[in-house]
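Some notes on the structure that comes next.
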Amino acid sequence: MDVSRVLMVAPGGDIDVAVAWYERLLSRPADTRPMPSLADWHLTSGGWLQVFEDPERAGSSLLNLEVHDLDAALAGLVERGLTAGPVQTGGERTRFAALDDPDGNRITLMENPVV
């Protein structure tokens with residue numbers, strides 16, 4: 001299997017509410033809105049985040065986003081009115097903190113290796 005892109009999907013109950021929240025999280029608008037019920041953020045060349053209106057599955061996703069500097073990322077969230085839970089450690093080199101979107105999808109920001 002030759003995979004060219006990985007798409008993370010966060011289902012939400014109301015696409016407009018979800019898009020507004022993810023715009024705050026990522027500090028920018030979606031890169032594309034290919035259909036009224038879908039928004040795409042191209043986070044890396046091979047990794048995209050999709051927010052999709054799907055009330056039946058809303059709140060059922062776990063999204064992990066690796067950041068270079070967890071402390072700076074968390075400070076940026078606070079500036080945008082979002083708060084993550086406490087910073088935790090995993091193993092010897094990983095730090096992470098999580099927050100939930102309005103539908104309950106869990107987003108974990110991870111720093112590995114620790115700067």
Side-chain angles (χ1 to χ4, degrees):
M1 176 184 339
D2 183 19
V3 176
S4 60
R5 183 171 298 122
V6 175
L7 306 174
M8 299 178 292
V9 180
D14 180 316
I15 190 64
D16 295 325
V17 170
V19 167
W21 191 88
Y22 280 91
E23 287 176 345
R24 284 177 51 209
L25 175 72
L26 299 170
S27 193
R28 64 185 179 90
D31 292 301
T32 63
R33 294 290 307 267
M35 61 183 81
S37 62
L38 179 66
D40 288 329
W41 282 265
H42 307 162
L43 303 177
T44 68
S45 61
W48 292 12
L49 168 62
Q50 293 184 320
V51 175
F52 182 69
E53 188 168 326
D54 186 348
E56 291 180 18
R57 291 184 179 85
S60 63
S61 292
L62 302 170
L63 310 172
N64 295 326
L65 302 174
E66 186 173 331
V67 297
H68 294 288
D69 183 338
L70 181 61
D71 296 323
L74 295 174
L77 290 180
V78 170
E79 291 174 3
R80 296 187 300 279
L82 300 173
T83 304
V87 174
Q88 301 177 51
T89 58
E92 296 179 18
R93 299 170 42 107
T94 303
R95 296 172 63 224
F96 58 94
L99 68 160
D100 294 337
D101 74 10
D103 290 294
N105 294 302
R106 172 63 49 106
I107 297 90
T108 301
L109 304 180
M110 305 179 326
E111 176 186 79
N112 182 10
V114 173
V115 178

How long is the span from the [atom1] atom in [X] to the [atom2] atom in [Y], to the nearest 0.5 Å?
X: Trp48; Y: Arg5; atom1: CH2; atom2: CZ; answer: 4.0 Å
X: Thr32; Y: Leu38; atom1: OG1; atom2: CG; answer: 7.0 Å
X: Gln50; Y: His42; atom1: CD; atom2: NE2; answer: 8.0 Å
X: Phe96; Y: Asn112; atom1: CZ; atom2: CG; answer: 11.0 Å
X: Leu77; Y: Ser27; atom1: CG; atom2: OG; answer: 9.5 Å
X: Leu70; Y: Leu65; atom1: CG; atom2: CG; answer: 11.5 Å

Has [X] got a side-chain atom pairing as donor or acceptor with [Y]'s backbone, closer than 3.5 angstrom?
X: Glu53; Y: Ser37; result: no
X: Thr94; Y: Gly91; result: no
X: Arg24; Y: Gly81; result: yes
X: Asp103; Y: Ala58; result: no
X: Asn105; Y: Ala10; result: no
X: Trp41; Y: Tyr22; result: no
X: Arg95; Y: Met110; result: no

Taking all heavy atoms of [X] and all of [Y], pick out the closest pair and write down the distance.
X: Gly85; Y: Ala97; result: O-CB, 3.6 Å
X: Val87; Y: Leu74; result: CG2-CD1, 3.5 Å
X: Leu109; Y: Ala73; result: CD1-CB, 4.3 Å
X: His68; Y: Glu111; result: O-OE2, 3.5 Å

For this session: Would you check, one step at a time, whether the test side chain to side chain contact (heavy atoms under 4.5 Å, CB included) holds for Thr108 with Arg106?
Result: CA-CA 6 Å; Thr108 301; Arg106 172 63 49 106; 4.0 Å; yes
Exercise. Quick one: do Arg33 and Asp40 make a salt bridge, cutoff under 4.0 Å?
Worked result: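 No.
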Exercise. Is the closest side-chain heavy-atom distance between Leu49 and Leu26 below 4.5 Å?
Worked result: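 They are in side-chain contact.
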Flag yes if [X] and [Y] sit in one hydrophobic cluster, no otherwise; membership is Ile, Leu, Val, Met, Phe, Trp, Tyr, and two members link when side-chain heavy atoms are under 4.5 Å apart.
X: Val67; Y: Met8; value: yes
X: Phe52; Y: Ile107; value: no
X: Val9; Y: Trp21; value: no

For this session: Please test Leu25 against Leu99 for side chain to side chain contact (heavy atoms under 4.5 Å, CB included), starting from the C-alpha separation and ending with a verdict.
Result: CA-CA 10 Å; Leu25 175 72; Leu99 68 160; 4.3 Å; yes
